[in-house]
Amino acid sequence: MVGPAERALGVHRVLEPPGVLPQAALRVDPDPEIGPDEVRIAVERLNLDAASFRQLAEAHAGDGAAVRAAVLRIVAERGKMQNPVTGSGGMLIGVVDAVGPESPLGLAVGDRVATLVSLTLTPLAITDGLARWDGRSEQVPAEGTAILFARSIAAVLPVDLSERVSLALLDVCGAPAATARVIRRTAARSVVVLGAAGKSGCLSLAAARAAGATQLTGLVRDDAEAGALRAAGLADRVIVADATDPLAVAAAVGTPADVTVVCVDVPGAEHGAVLATADGGTVIFFSMATSFAAAALGAEGMAADVTMLVGNGYTPGHANLALGLYRSNAGVRGLIGSRIR
Ligand code: NAP
């Protein structure tokens, strides 16, 4: 028997194994029939998490049809879009088409919303075979239904931004919010962002500046990204290095920073991030490709006295912060725009 507190977390939808939370479940029930405390969304577009999409694209050598088939297979098998290799998901946008009488989310039928809870726990049924998606981009036009629980969160989409922009911003809005919070709490001044020309990276730089940081370093993969980041004017210093090469990162960063934010979408950035951070400083691992073991054992092995934070995708006010940074910052608009075109 599932009580109201467990129902609010979606436990009643878990099929296998019984008793776990939906995110840990192998399979959830995506039945579009809603309970009294649930909300159903008519899905319009999925945004696959960057680490998940990269893994799928690489596993299928960039073959879009094979990537599409893999996503359909995962959703059919699991009742949710949770990449079994990366464990990550993404989020979606759609229109609210049914609201249970006891739902506390404050949503109304007809609202266009973005889910701010991960696809890894969102019951999802796809009904169009993803026919309008070529399998080559993180953003996936889709038809189907998704279910929100009483403890889910969703944001009504802003009318002044395109769907694609909103989706991209809301997917990564936890990164700038976490960065701003750490800088305010620690009075940090110097910040290094790994993967600084990407979506979460450029937002984190802008958030760091707004929160009072004064020495911003953006680390990027190559000269093309360096040019784009310099043109955006978000960093005081742009450096080029492979984030997965710790010694190269340390050499490029030079004097370690108060805060390092890991925004790359590849595994292996843990040790470079630790070396980039001063004793007493903080590393924010926003990347879903982060290994807890590599981070913890790496810091221990280097006798590095750094605080390491898992980048929680949720911080109060995170959606509005990211939307505001996009609206107010031409550099952020340029970099995000180039990613979603
Ligand atoms: P993105 O826009 O693709 O940006 C990633 C950036 O990292 C790109 O500029 C990429 O360069 C760069 N990069 C990749 N490999 C690199 C390397 N070896 N050295 C230096 N730079 C490298 O990704 P995003 O959407 O911002 O997402 C970033 C990470 O956040 C992903 O791991 C994603 O899964 C995670 N995420 C976390 C949460 C959460 O709640 N914690 C939510 C959403 C996303 P190229 O484009 O040239 O490859």
Side-chain angles (χ1 to χ4, degrees), residues 23 46-58 81-83 85-92 114-121 137-139 153 164-165 167-179 192-207 217-229 232 234-235 238-246 248-249 252-253 260-273 276 284-292 309-315 318-319 322 326 332 335-341:
Q23 191 157 46
L46 310 177
N47 191 81
L48 300 184
D49 151 85
S52 171
F53 178 72
R54 181 183 283 267
Q55 187 278 327
L56 287 166
E58 286 177 1
M81 179 51 212
Q82 182 173 28
N83 182 321
V85 177
T86 61
S88 57
M91 34 86 75
L92 62 83
T115 59
L116 298 180
V117 284
S118 171
L119 289 180
T120 59
L121 57 88
S137 61
E138 289 168 18
Q139 296 210 359
I153 33 171
R164 293 168 80 89
V165 166
L167 197 51
L169 292 172
L170 295 172
D171 181 40
V172 298
C173 63
T179 303
V192 173
V193 176
L194 308 186
K199 297 183 291 295
S200 57
C202 70
L203 283 164
S204 296
L205 280 175
T217 298
L219 182 144
V220 295
R221 187 208 271 286
D222 55 29
D223 290 338
E225 282 202 329
L229 184 58
L234 297 172
V238 176
I239 54 180
V240 177
D242 177 354
T244 67
D245 179 341
V249 171
V253 167
T260 299
V261 191
V262 181
C263 291
V264 295
D265 56 348
V266 292
E270 298 85 357
H271 296 174
I284 304 170
F285 286 109
F286 188 69
S287 167
M288 284 294 164
T290 301
S291 155
F292 175 83
L309 301 179
V310 175
N312 180 354
Y314 175 70
T315 303
H318 61 340
Y326 180 87
V332 170
L335 288 170
I336 301 253
S338 68
R339 294 238 154 222
I340 60 174
R341 263 194 289 280

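It should be emphasised that the depicted structure is a prediction, and the values quoted were computed from it without experimental measurement. Counting convention: from 1, in listed order, for ligands and their atoms alike.
- Remark: ligand 1 atoms within the under-4.0 Å shell around heavy atoms of G311 are 39 (C), 40 (O), 41 (N).
- With respect to atom 10 (C) of ligand 1, the closest heavy atom belonging to the protein is E225 OE2, 3.9 Å.
- Taking all heavy atoms of A243, A289, C263 into account, the minimum distance to atom 6 (C) of ligand 1 is reached by C263.
- With L205 as reference, L229 is the one residue of V192, V332, L229, L335 to meet the side-chain contact (heavy atoms from CB on, under 4.5 Å) rule.
- Compare G195, C202, A50 by their heavy atoms: the one nearest to atom 12 (C) of ligand 1 is in G195.
- Closest protein heavy atom to atom 44 (C) of ligand 1: D49 OD1, 3.5 Å.
- Checking only distances, V220 never comes within under 3.5 Å of ligand 1, N or O to N or O.
- Closest to atom 43 (C) of ligand 1, if we only count protein heavy atoms, is D171 O, 3.2 Å.
- When hydrogens are left out, the protein atom nearest atom 48 (O) of ligand 1 is R54 NH2, 2.7 Å; that is the closest non-hydrogen contact.
- Here the protein heavy atom with the shortest distance to atom 13 (N) of ligand 1 is V264 CG1, 3.9 Å.
- Contact annotation: for A241 versus ligand 1, heavy atoms closer than 4.0 Å belong to the backbone alone.
- Here the protein heavy atom with the shortest distance to atom 40 (O) of ligand 1 is G313 CA, 3.1 Å.
- In terms of polar-atom proximity, R339 is counted as a contact of ligand 1, with an N or O under 3.5 Å from an N or O of the ligand.
- Among protein heavy atoms, the minimum distance from atom 1 (P) of ligand 1 is reached at K199 NZ, 3.8 Å.
- Distances below 4.0 Å separate heavy atoms of M288 from the following atoms of ligand 1: 32 (O), 34 (O), 35 (C), 36 (N), 37 (C), 38 (C), 39 (C), 40 (O), 41 (N).
- Within the 4.5 Å cutoff, the side chain of M288 has no heavy atoms near those of the S52 side chain.
- Between G201 and ligand 1, a contact under 3.5 Å exists for no N or O pair.
- When atom types are taken as modelled, the side chain of T115 and the backbone of L92 share a donor-acceptor pair closer than 3.5 angstrom.
- Near D242, with a cut-off below 4.0 Å to any heavy atom, the atoms of ligand 1 are 17 (C), 18 (N), 19 (N).
- Ranking protein heavy atoms by distance to atom 47 (O) of ligand 1, first place goes to R221 NE, 3.1 Å.
- Less than 4.0 angstrom separates some heavy atom of V172 from each of these atoms of ligand 1: 25 (O).
- For ligand 1 and S200, the ligand atoms under 4.0 Å from any heavy atom of the residue are 24 (P), 26 (O), 27 (O), 28 (C).
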